[in-house]
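Working notes for the structure below.
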Amino acid sequence: MAFKLNTSVSFICLMVLVLATGSYGGGISIYWGQNGNEGTLAETCATGNYEYVNIAFLATFGNGQTPMINLAGHCDPYSNGCTGLSSDIKSCQAKGVKVILSIGGGAGSYSLSSSDDARQVAMYLWNNFLGGTSSSRPLGPAVLDGIDFDIEGGTGEHWDDLAKYLSGYSKKGKKVYLTAAPQCPFPDAWVGNALKTGLFDYVWVQFYNNPPCQYSSADIANLEDAWKQWTSDIPATKIFLGLPAAPDAAGSGFIPVNDLTSKVLPAIKNSSKYGGVMLWSKYYDDQSGYSSSIKSHV
């Protein structure tokens, strides 16, 4: 009887420990694709540092344009030169890493002219990158895990429609994850309405290039206030702290490792919506070693 009691107590202690770590443990999301000198996609996943990799970017789409992916120096989509990425994508997924196509970006040419335009873009994404079929899949036959909305231009119209249409494809088999990278001023000017749909799984908020809501060495209050608003007002599964991986990766908002681990993360990790940290980008992470430095704290 005593033995059973001790076993039960040990099991309860273990469960408390698991629950405690489970509620605080987060993952790192990285953007890959905008610098040919950042290593391959397979190498990126092989580091073991990232749980999510956003392939950046499908930079041209919508409003009657022929959709076009731009992966900088990695491969040439105009000559079907990016189809070889399928083996890398599968290698990442075999390691448990979710591979997501990021649409938009800071320098793209994109907008949605109507709900029907959103429906057509969703169909294009399904057939060319997700579970559908097409004779011209830019990244080859591999089926990506979802779509990331990194909308930083154009208008705020019809992104909610695109989210609804993409979400509908989850009923056809493999779940289509929806993620987004809004700026930290709330609500986001472009995807604010889309985020209200409650269809997004992960939202990596850009807490950089936005002094009113980012960290400064003198003050954590602005970031903390913005974090509380994002986690309380956005019906997403998890919210991530989006940061530059090195000082050169953004105009402002870089948080030194020690400040992040001793001040910022302790202030935000108690939220049940805390999902982890997003970094821009793999190239800058290679220069700084940021993800390796913070991984055990995230």
Side chain to side chain donor-acceptor pair (under 3.5 Å) with [X]: which residues, sequence neighbours excluded?
X	answer
Asp117	Ser113
Asn193	Lys196
Tyr165	Ser115

Only counting residues at least two apart or in another chain, list the ones meeting side-chain contact (heavy atoms from CB on, under 4.5 Å) with [X].
X	result
Asp286	Glu38, Lys282
Pro141	Ser86, Lys90
Asn37	Asn35, Tyr283
Thr231	Trp227, Ile239, Ser271, Lys273

**Report entry** Tyr110 and its ring-ring contact (aromatic ring centres under 6.0 Å, His included) partner, picked from Trp190, Phe149, Phe61
**Finding:**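 Among the candidates, only Phe61 passes.
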Query raised in the report: Looking at Trp204, Phe207, Phe200, which hits ring-ring contact (aromatic ring centres under 6.0 Å, His included) with Phe240?
Result: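 Passing option: Trp204.
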Query raised in the report: Are the ring centres of Tyr52 and Tyr177 closer than 6.0 Å?
Result: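 No, the ring of Tyr52 stays outside the 6.0 Å limit from the ring of Tyr177, centre to centre.
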Do [X] and [Y] have a side chain donor and acceptor closer than 3.5 Å?
X	Y	result
Asp285	Ser291	yes
Asp116	Gln120	yes
Ser109	Gln65	yes

Query raised in the report: Looking only at heavy atoms, which two atoms of Gln214 and Asn209 are closest? And how far apart?
Result: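 Distance-wise, the nearest heavy atoms are OE1-N, 3.0 Å.
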Report task. Kindly assign one of parallel, tilted or perpendicular to the pair Trp32 and His74, based on the angle between their ring planes and the thresholds 30° and 60°. Result ->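 Geometry flag for His74 against Trp32: tilted rings.
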Requested in this report: Assign the ring pair Trp280 / Tyr31 to parallel, tilted or perpendicular, where the plane angle (0 to 90°) is split at 30° and 60°.
Outcome: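 Tilted, since the angle between the ring planes falls between 30° and 60°.
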Summary of disulfide bond (SG atoms under 2.5 Å apart) pairs that have at least one residue in [range], sequence neighbours excluded:
range	result
residues 241-298	none
residues 179-288	Cys184-Cys213
residues 261-298	none
residues 37-81	Cys45-Cys92, Cys75-Cys82

Requested in this report: Check ring-ring contact (aromatic ring centres under 6.0 Å, His included) between Tyr290 and all other residues, then give those that pass, not counting sequence neighbours.
Outcome: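 Residues passing ring-ring contact (aromatic ring centres under 6.0 Å, His included) with Tyr290: Phe254.
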